Amino acid sequence: MSVKANNNNIETLCIHAGKVKGAHQGALTTPLYQTSTFVFESAEQGARRFAGEEEGYIYTRLGNPTTRELELKMAAMEKMEDAAATATGMAAVSGAVLSFLQAGDHVIVSKAIYGCSFALFNHQLPKFGIEVTFVDMTDDANLLPALKPNTKMLFAETPINPNLEVLDLAKIGAFCLEYDLISIVDSTFMSPVLQTPVDFGINIVIHSATKYLNGHGDVVAGIIVGSAEHIETIKLTILKDIGGTISPHDAWLILRGLKTLPVRMDRHCTNGQKLAEFLEQHPLVSKVYYPGLPSHSGHKYLGKQMRGAGGVVGFELNANLEEGAHFINSVELFSIAVSLGDAESLIQHPASMTHSPYTQEERLAAGISDGLIRISVGLEHADDLIADLNQALNKINEARMVTPSATVLGCS
Ligand SMILES: *Cc1c(COP(=O)(O)O)cnc(C)c1O
């Protein structure tokens, strides 16, 4: 058997891409450059660096060797030219958007996106004279009617948080190319292991690095990946002048996390599948949202746009709000917490937590009912996680037997 190495497989890139051989005194792992500034050899050198005539570091808000390796590694993993690391995922979302828009511009936005991204588009951008149209992008026929002469950008997220609906990236990419719009996709739920939006013509990819990329629940950070030209604009705008730069220490932790990303995503996907299948057959669960299930609308994109279904599962209980709270309070292995992509399994209630920036009307329009529960499936043994969900579901039944007169209301 002959195996041809190209070193472009993601398992190899996440370990080796972005490294300079022989740099850093030969250190195997990239050192942490915990420094705010860099010393010039002379006044002339300082002037050359500021003028852009000589490569080299100046000041950590503008660039840092540890951060740079993270950026180059992410660019390689997303198969794009360059990247800019940011202080949080929201700094990445707001930064990518603000770098290219100005008063009088119009942006088309998917109506179902991360709660704070929704608040950015709904509350902040209009303050600066930027027009926003929210569109149900699950049907691409809705895109053209939203187009205006001043439309400059399209922003979407897929799979959609928290009911995991999938958008057709090929159709969105083609639409943006045809009408010359900058396309931005938040790919946080997939990581570059499961989805590479550039394959479908998307211009800019965003991640909350807080989630799968770092994967260990000890950092908040973001990353923007795109063409060298777009990233240069972003760095000169949001990093230099607005200042949402990542801490080198956080970049260093994410570099460490990235080495195991493909291994972790593999486990997140197999655990997610097992838990989704368990929940789907449980009488107290009325609906499960997970693209790995044939019953889910996003299932047809598996293998086509997504290389796996990920580790986030949404579901609706056949129970009233009080029973839902009792269920969440009864889990033992799961932690009641927002965020996702950590080794630890997490459980949360979108209507009262991540999606509280929406009004109830906006939530229902985005398909988020009061009875929806979202879990981020961690890296524990799937049997232990299933046993935990099972005992917590049983607590609902036990409570019903104590108070048989309790009315059971569907929450969906
Ligand atoms: C968490 C998240 C964000 C925001 O990232 P932070 O690191 O919390 O600022 C943006 N988009 C999605 C899809 C997320 O899950």
Side-chain angles (χ1 to χ4, degrees), residues 70 74 78 83-98 109-122 124 137 155-167 169 184-195 197 202 204-225 238-239 242-247 249-251 253-254 257-258 265 268 272 289 291 298 306 309-314 337-342 344 346-350 353-358 366-368 372 374-378:
L70 168 65
M74 278 303 299
E78 286 286 2
T86 57
T88 63
M90 281 316 301
V93 173
S94 61
V97 169
L98 290 172
V109 181
S110 168
K111 78 175 170 109
I113 48 173
Y114 181 72
C116 298
S117 301
F118 178 77
L120 170 77
F121 286 109
N122 202 27
Q124 308 304 330
M137 293 194 188
F155 183 95
E157 177 183 321
T158 182
I160 295 172
N161 179 27
N163 44 25
L164 285 308
E165 273 184 298
V166 178
L167 302 181
L169 286 179
I184 305 184
V185 167
D186 182 333
S187 198
T188 299
F189 273 44
M190 292 279 94
S191 89
V193 174
L194 302 182
Q195 173 170 286
I202 300 302
I204 293 173
V205 176
I206 280 170
H207 290 278
S208 167
T210 310
K211 316 294 168 55
Y212 290 112
L213 301 184
N214 179 55
H216 292 73
D218 47 15
V219 156
V220 286
I223 194 133
I224 311 167
V225 198
I238 54 140
L239 296 187
I242 298 182
T245 307
I246 193 173
S247 144
H249 183 245
D250 289 348
L253 284 168
I254 298 166
L258 277 179
M265 290 318 291
H268 283 301
Y289 304 101
M306 298 151 72
V312 177
V313 181
V338 298
S339 199
L340 58 110
D342 296 330
E344 292 85 354
L346 309 176
I347 188 164
Q348 67 114 347
H349 179 234
M353 299 175 189
T354 46
H355 287 67
S356 55
Y358 287 64
I368 299 157
L372 182 68
R374 188 189 83 183
I375 54 177
S376 167
V377 183

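All of these numbers come straight from a predicted model, not from anything done at the bench. In each ligand, atom 1 is the first atom listed, and ligand 1 is the first ligand listed. Just so you know, residue 1 is the first one in the sequence shown, and it goes up from there.
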Practice problem: List in chain and number order the residues that pass side-chain contact (heavy atoms from CB on, under 4.5 Å) with A337, two or more places apart in sequence or in another chain; answer none if no residue qualifies. | Solution: L346

Quiz item: Is there a donor-acceptor pair under 3.5 Å between the side chain of S376 and the backbone N or O of L340?
Solution: no

Quiz item: Going through the distances and angles, do M74 and L258 end up as a side chain to side chain contact (heavy atoms under 4.5 Å, CB included)?
Solution: CA-CA 9 Å; M74 278 303 299; L258 277 179; 4.1 Å; yes

At less than 3.5 Å, what protein N or O atoms come close to the N or O atoms of ligand 1? Include the distances to 0.1 Å.
| residue | atom | partner | partner atom | Å |
| --- | --- | --- | --- | --- |
| ligand 1 | 5 (O) | S208 | OG | 3.0 |
| ligand 1 | 7 (O) | G89 | N | 2.8 |
| ligand 1 | 7 (O) | S208 | OG | 2.9 |
| ligand 1 | 7 (O) | T210 | OG1 | 2.6 |
| ligand 1 | 9 (O) | G89 | N | 3.0 |
| ligand 1 | 9 (O) | M90 | N | 2.8 |
| ligand 1 | 11 (N) | D186 | OD2 | 2.6 |
| ligand 1 | 15 (O) | K211 | NZ | 2.8 |

Self-check item: Sidechain-backbone polar pair: Y212 side chain, G311 backbone, donor-acceptor under 3.5 Å
Solution: yes

Practice problem: May I ask you to decide if A221's main-chain N or O and T210's side chain share a donor-acceptor pair within less than 3.5 Å? | Solution: yes

Practice problem: Check whether any side-chain N or O of D186 sits under 3.5 Å from a backbone N or O of T188 as a donor-acceptor pair, and report yes or no. | Solution: yes

